[in-house]
Amino acid sequence: MPREIPKAYEPQEIEERWAKAWFDEKLFRAENSADGPPFSIALPPPNVTGSIHVGHLLEHTQIDMLVRWHRMRGNRTLWLPGMDHAGIGTQYVVERELAKQNLRRQDLGREEFERRVWQWKGESGGQIKGQMIRLGASCDWTREHFTLEPKLYRAVLEAFLRLYREGLLYRGPYMVNWCPRCETAISDLEVVHIEQPGKLWHLRYPVSGSREFLIVATTRPETMLGDTAVAVHPDDERYQRYIGKSVVLPLMNREIPIIADTYVDREFGTGAVKITPAHDPNDFQIGKRHNLPEIDVMTDDGHMNAAAGKYAGSDRFDARKRIVSDLEALGLIDKIENITHAVGVCDRCKSEAEPRISIQWFMTMKPLADAATKAVLGGLIEVVPENQRTVLLNWYANIHDWCISRQLWWGHRIPIWHCECGEMVPALNSSVEIVDGHARAAAIPVKCPKCGGGKLTQDPDVLDTWFSSSLWPFSTLGWPDDTPDLRTYYPTSLLVSGYDILFLWDSRMIMMGLHLTKGAAPKDRVPFRRLYLHSLVRTAEGAKMSKTKGTGVDPLQLTQQYGTDALRYMLASMAAPGTDIILSEDRILGARAFANKIWNAARFLFVNLDKVEAAGLTSDPAAGLPAAREILTLDELAAPEIRANAPYPVPGEGALAHRWIYSRLAAVSQQASSALDGFRFHEACQSIYQFFWGDFCDWYIEWVKPQLTSSDRQVALAAWRNIFAALDAALRLLHPVMPFLTEELWHRLPQPAGARSIALEKFPEPQPRWIDTAADDSMAILQEIVVAARNIRAEMKLDPRKKVAADLFVTGPMRRTLVEENMDAVLRLASLSELRVTSGHPGAASEKNGGIVRSTAAFDLRIAYGEAIDKQAEIARLKKKVEELEKDIKSKQARLADQNFTSKAPEKIVDALRATLEERQLELKKLHDRLKQLDRD
RNA sequence: GGGCGGUUAGCUCAGCGGUUAGAGCAUCCGGUUUACACCCGGAAGGUCCUCCGUUCGAAUCGGAGAUCGCCCA
């Protein structure tokens, strides 16, 4: 029965089919009762608003490779997926939609707005899930979670209430970053600094009761309306006499004191600075020290408020212009400098963030950071690459309290009720109830424990998205309940994340995990035992891939073009830890070619087997097969139990290549596993690529081709069995990186009834019986001979189809036997009609115009051909080689002559150097002989 | 201002104390080898950014500088 296998590899149909099958069959469902040590990874939950970009694909490819690899090694493997509600991000997107209808969220009211967001989430959210399924992520979709679902809401309530009772959460008026567009506080980490051209205005503040001025510099003149002091350094001689006096704040005509504070940098500007405690974090601190009033001059949406006098109602940037021009009119602008400075903007909407005092919830971080530091220092979490460990520890060391409240409507509402008397009453417990399909706190306090009042209103704020994210590795496993999943899979084995969210997410999970989970020892409470920070995909200019900037590349489109496997391979092959990735068209093409190569190698085997079968059936002498030949069937050659016992000894002299390919298989399996264990995906890819294309296709298949159609049934049988088993092993090696292609091909091999997927098979382990260093060495020599012959042929510009005779001079009987035993393969691969093997060196045996010679220390190969060779070219080539060799030999001799080297370097190194020197000298001698001979001829 | 990373072949990148520094792509030469032209065979191509140091030995370790990029303040 012919096995239909298309000539060109067409990934689309294959990938869609398997993606669907894997999902429908729940193939990657983790079984708690299964054998094997658990291996668990929580997916960094993508924003529910998002669609996948190449950055995700890089992350998912790396996770998926590790997950598939572990699954194939027999681990009880769980990759837990889910989505993040992405508070500010999602709200921003929905608000943008509303704005198209000229609506603001305030127009709808909180409940209606929330309803709209849920509606939007239902329609557009979760796109990523479909994309991940299509791209082959082997997640356990039966365990999918969403940060706003009831179970996770409950975890958030539990965490909040516990931290609150422990006194780690507090509320009060502090300086925060405020986004006037989103109208919410944002954390330090959500403010990004962008270098921009700007101006530095030098303002003249008249000193009260004098004609003098103090000059202060500012990049934000509008904040002057809220100035409540001017500060100088206490030791600054220039200003001694002003300390204690006051200035008249221009435009506002308010007297404000001149104070002394060591915070002031005498070198900056004039050494006098305006102090606006309500609009600058440093000024806020100074204000506290000096008991200065805090005058907030702005509204939530970035307009000037009543405290701004006549500027009230103006947009903050309009106000800036007006103030500057008013000051100019009054002659109070000393000068204006053009500068570049970093402006903090809201990470989400890119509006300029405003430092501002507002009442917010904060989390005390110091004790948690200390515990986390201890865990990381104690090696309870291994950080890869290692330098990121220092970055993490430094961040913990300089940690600030975390502003966890957001003035948003989309998120986990803070479970605190405020009484009219000012008392704050937390929810009674963490239970949740479902209203309209969505969760909210159920245990609502009805009476104030302090004043007994019954008028309690819930805090309007919601929690920072990252609060719920920080619970992700355990909340998704059932925490705070003691569930089988939590017991089995927590701590998770590994977290794979981009280093861009090390502070936002990774660091906070470590703190929360250590603090909140139940394990007796810290090692049982860390959220993950290893932390691998992967690279980011960047544009050619080095910018982060970003959809908003239009630099994001749609991976699904690339998939259409090149195939998912190729894309995955390309990303993995570039994923060296610690270096960012710039997408390259060439690399994708190379990966696609690789996929095609794999496809065709498999195709070759199946197609040829068809031929062998057909020939056997018809006993067609034209096919070169004897009539008596028995039919070979695929089952006989490649049944699972047959493959399991490979390699089979090949009778006669054709065994070498088989011994060698299995030896290579052992080495490559070992390399791949150790590379994956160290997150060196590029290394794993490279060694598998080299194995498949170089060893398996270029040498092994080519070498054994004739055996596959051998008239000796035993030879053909063993050869086929070995090659199928090797292909099977190669597919399993390749599976973690190229899941679709390997799945498709694997199913074309005979499999036991009910076999579901290559993903559930074993990853190749190096078998001791495969390792064969003698075969490695022998094969290496034969390959060198073949390459030397091809080299000479190319040099002589021989027609590749033309077979010629050659002479081989070898030393040692072993080598001679080796070549003679493998003569057929060598002749065929080197396109030789004959190879005369002689012991010793050419020299005397050489004839006039003796063709071209290639020499290594082990052999000399000569092809003599009727026509004259380009003698000058050959001499030039030899001379260049001589030069290189002489240089090398000289440096080696010098080093060996150096007492310092021979006495201090390890013996092994010295001996090795001596041996290579000898080889080189032999090569050089051969080159000289050859040159002399050419000269003579 | 502080910290981190890059600088290696024309391009994209490996290698990170001890072979004549590698790969893929591009280039050049030769091929319709019935698995694959997304292929096969061959070749050419490098002051490993600069300087100083450590070492028997440095692309690899340390210091300084140049340059590009990232993060934090």
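Atom set for the values below is all heavy atoms of this structure, side chains included, hydrogens, waters and symmetry mates excluded. A note on names: the letters A, B, ... follow the listed sequences, proteins ahead of strands, and every chain is numbered from 1.
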Engineer: Write down the distance separating the C1' atoms in B:rG2 and B:rG45, rounded off to the nearest Å.
Structural biologist: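 Here B:rG2 and B:rG45 have their C1' atoms 42 Å from each other.
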Engineer: List the steps, then state whether side chain to side chain contact (heavy atoms under 4.5 Å, CB included) holds for A:F679 with A:F681.
Structural biologist: CA-CA 6 Å; A:F679 310 115; A:F681 300 94; 4.0 Å; yes
Engineer: When the distance from CD1 of A:I582 to C1' of B:rC25 is rounded to whole Å, what number comes out?
Structural biologist: 16 Å
Engineer: For residues A:Q12 and A:Q560, report the shortest heavy-atom separation together with the two atoms involved.
Structural biologist: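 Distance-wise, the nearest heavy atoms are NE2-O, 2.8 Å.
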Engineer: For A:R603 and A:K797, find the nucleotide of RNA chain B closest to each by heavy atoms; which residue's nucleotide sits nearer the 5' end?
Structural biologist: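 Closest to the 5' end, via its nearest nucleotide, is A:K797.
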Engineer: May I ask you to say what A:E919 touches in the nucleic acid, namely base, sugar-phosphate or nothing, with a heavy-atom cut-off under 4.0 Å?
Structural biologist: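 Nothing, no nucleic acid heavy atom in range.
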Engineer: Just the rounded figure in Å: distance from P of B:rA26 to CZ of A:R587.
Structural biologist: 13 Å
Engineer: Does a salt bridge link A:E874 with A:R877, judged by any charged N lying under 4.0 Å from a carboxylate O?
Structural biologist: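 Between A:R877 and A:E874 there is a salt bridge, with a charged N closer than 4.0 Å to a carboxylate O.
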Engineer: Do the charged groups of A:R748 and A:E744 touch, with an N to O distance under 4.0 Å?
Structural biologist: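 Between A:E744 and A:R748 there is a salt bridge, with a charged N closer than 4.0 Å to a carboxylate O.
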Engineer: Taking B:rU8 as the reference, what is the distance to B:rG53 when you measure between their C1' atoms (whole Å, please)?
Structural biologist: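 Approximately 22 Å lies between the C1' atom of B:rG53 and that of B:rU8.
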Engineer: Where are the stems of RNA chain B, defined as at least 3 consecutive Watson-Crick or wobble G-U pairs with both distances under 3.5 Å?
Structural biologist: B:1-7 with B:66-72, B:10-13 with B:22-25, B:27-31 with B:39-43, B:49-53 with B:61-65
Engineer: Which atom pair, heavy atoms only, marks the closest approach of A:A719 to A:Q707?
Structural biologist: CB-OE1, 3.5 Å
Engineer: Is there a side chain to side chain contact (heavy atoms under 4.5 Å, CB included) between A:M738 and A:F594? Walk through the geometry before answering.
Structural biologist: CA-CA 10 Å; A:M738 303 180 117; A:F594 184 42; 4.1 Å; yes
Engineer: Do A:T916 and A:E919 have side-chain atoms, one donor and one acceptor, less than 3.5 Å apart?
Structural biologist: no
Engineer: If we take the C1' atom in both B:rA14 and B:rA23, what is their distance in whole Å?
Structural biologist: 7 Å
Engineer: For the pair made of CD1 in A:I688 and P in B:rA23, what is the distance, rounded to whole Å?
Structural biologist: 19 Å
Engineer: How long is the line joining CD of A:E795 and C1' of B:rA43, in whole Å?
Structural biologist: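 In whole Å, B:rA43 C1' and A:E795 CD are 8 Å from each other.
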Engineer: For nucleotides 54-57 of chain B, tabulate all protein N/O to nucleotide N/O atom pairs closer than 3.5 Å, reporting atom names and distance.
Structural biologist:
from   : atom 1 : to     : atom 2 : distance (Å)
B:rC56 : OP1    : A:K904 : NZ     : 2.5
B:rC56 : O4'    : A:N900 : O      : 3.3

Engineer: Determine the interatomic distance between C1' on B:rU50 and the same-named atom on B:rA26; round to the nearest Å.
Structural biologist: 29 Å
Engineer: Between protein and nucleic acid, restricted to nucleotides 39-41 of chain B and to nitrogen or oxygen atoms under 3.5 Å apart, what atom pairs and distances do you find?
Structural biologist:
from   : atom 1 : to     : atom 2 : distance (Å)
B:rC39 : O3'    : A:K597 : NZ     : 3.3
B:rC40 : OP1    : A:K597 : NZ     : 2.9
B:rC40 : OP1    : A:W693 : NE1    : 2.5
B:rG41 : O3'    : A:R790 : NH1    : 3.4

Engineer: Please check if any side-chain donor atom of A:Y9 sits under 3.5 Å from a side-chain acceptor atom of A:N600, or the reverse.
Structural biologist: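 Per modelled atom types, A:Y9 and A:N600 side chains form no pair under 3.5 Å.
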Engineer: Say we look at B:rC49 and B:rA58: how far apart would their P atoms be, to the nearest angstrom?
Structural biologist: 15 Å
Engineer: Between A:F604 and A:K705, is there a cation-pi geometry (under 6.0 Å to ring centre, at most 45° from the normal)?
Structural biologist: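 Yes, a cation-pi geometry holds between A:K705 and A:F604.
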Engineer: Looking at A:H400, I'd like to know if its NE2 atom is crowded, meaning that more than 12 non-hydrogen atoms belonging to other residues, nucleotides or ligands lie closer than 6.0 Å.
Structural biologist: no
Engineer: Please set out all donor-acceptor pairs under 3.5 angstrom arising from side-chain atoms of residues 897-906 of chain A, sequence neighbours excluded.
Structural biologist:
from   : atom 1 : to     : atom 2 : distance (Å)
A:D898 : OD1    : A:N900 : N      : 2.9
A:T902 : OG1    : A:D898 : O      : 3.3
A:T902 : OG1    : A:Q899 : O      : 3.1
A:S903 : OG     : A:Q899 : O      : 2.8
A:S903 : OG     : A:N900 : O      : 3.4

Engineer: Atom OH of A:Y689 to atom C1' of B:rC38: distance rounded to whole Å?
Structural biologist: 10 Å
Engineer: Will you find, in the side chains of A:D580 and A:Y499, an N or O donor that is under 3.5 Å from an N or O acceptor?
Structural biologist: yes
Engineer: Is any NZ, NE, NH1 or NH2 atom of the basic residue among A:E795 and A:R854 found under 4.0 Å from an Asp or Glu carboxylate oxygen of the other?
Structural biologist: yes
Engineer: Identify whether any heavy atom of A:E923 sits under 4.0 Å from a base atom; if not, whether one sits that close to sugar-phosphate; answer base, sugar-phosphate or nothing.
Structural biologist: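 If one applies the 4.0 Å heavy-atom cut-off, A:E923 turns out to touch a base.
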Engineer: Using nucleotides 1-8 of chain B, report all nitrogen or oxygen pairs with the protein that are shorter than 3.5 Å.
Structural biologist:
none

Engineer: Using whole Å, what does the distance between atom P of nucleotide B:rC71 and atom CG of A:D500 come to?
Structural biologist: 9 Å
Engineer: Could you say whether A:H400 or A:E683 is positioned toward the 5' end of RNA chain B, judged by the nucleotide with the nearest heavy atom to each?
Structural biologist: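 The answer here is A:E683.
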Engineer: Can you name the atoms? Protein N/O to nucleotides 45-49 of chain B N/O, anything below 3.5 Å, with the distance.
Structural biologist:
from   : atom 1 : to     : atom 2 : distance (Å)
B:rG45 : OP1    : A:K880 : NZ     : 3.3

Engineer: Take atom C1' in B:rC48 and the same atom in B:rU60, then report the distance between them in whole Å.
Structural biologist: 10 Å
Engineer: Crowded around A:K803 NZ? As in, over 12 foreign heavy atoms under 6.0 Å?
Structural biologist: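 Above 12, so yes.
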Engineer: Provide, to the nearest angstrom, the distance between the CD1 atom belonging to A:I581 and the P atom belonging to B:rC13.
Structural biologist: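 Taking CD1 of A:I581 and P of B:rC13, I get 9 Å after rounding.
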Engineer: So which nucleotide from B:rA35, B:rC72, B:rC70 ends up closest to the side chain of A:A601?
Structural biologist: B:rA35
Engineer: Given the P atoms of B:rG41 and B:rC25, what is the spacing between them in whole Å?
Structural biologist: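 Straight-line distance between the two P atoms is 12 Å.
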Engineer: A:T856 vs A:I781, test: side chain to side chain contact (heavy atoms under 4.5 Å, CB included). Steps then yes/no.
Structural biologist: CA-CA 10 Å; A:T856 69; A:I781 289 177; over 6 Å; no
Engineer: Does A:K350 pair with A:D347 as a salt bridge, N-O distance under 4.0 Å?
Structural biologist: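 Yes, charged N to carboxylate O under 4.0 Å.
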Engineer: Nearest whole Å is fine: how far is B:rU33 P from A:L832 CG?
Structural biologist: 19 Å
Engineer: From the options A:D728, A:D565, A:L734, select the one residue that forms a side-chain contact (heavy atoms from CB on, under 4.5 Å) with A:T742.
Structural biologist: A:L734
Engineer: Distance between the C1' atoms of B:rG18 and B:rU55, in whole angstroms?
Structural biologist: 12 Å
Engineer: Cationic tip of A:R790 within the cone over A:W699's six-membered ring, i.e. under 6.0 Å and within 45° of the normal?
Structural biologist: yes
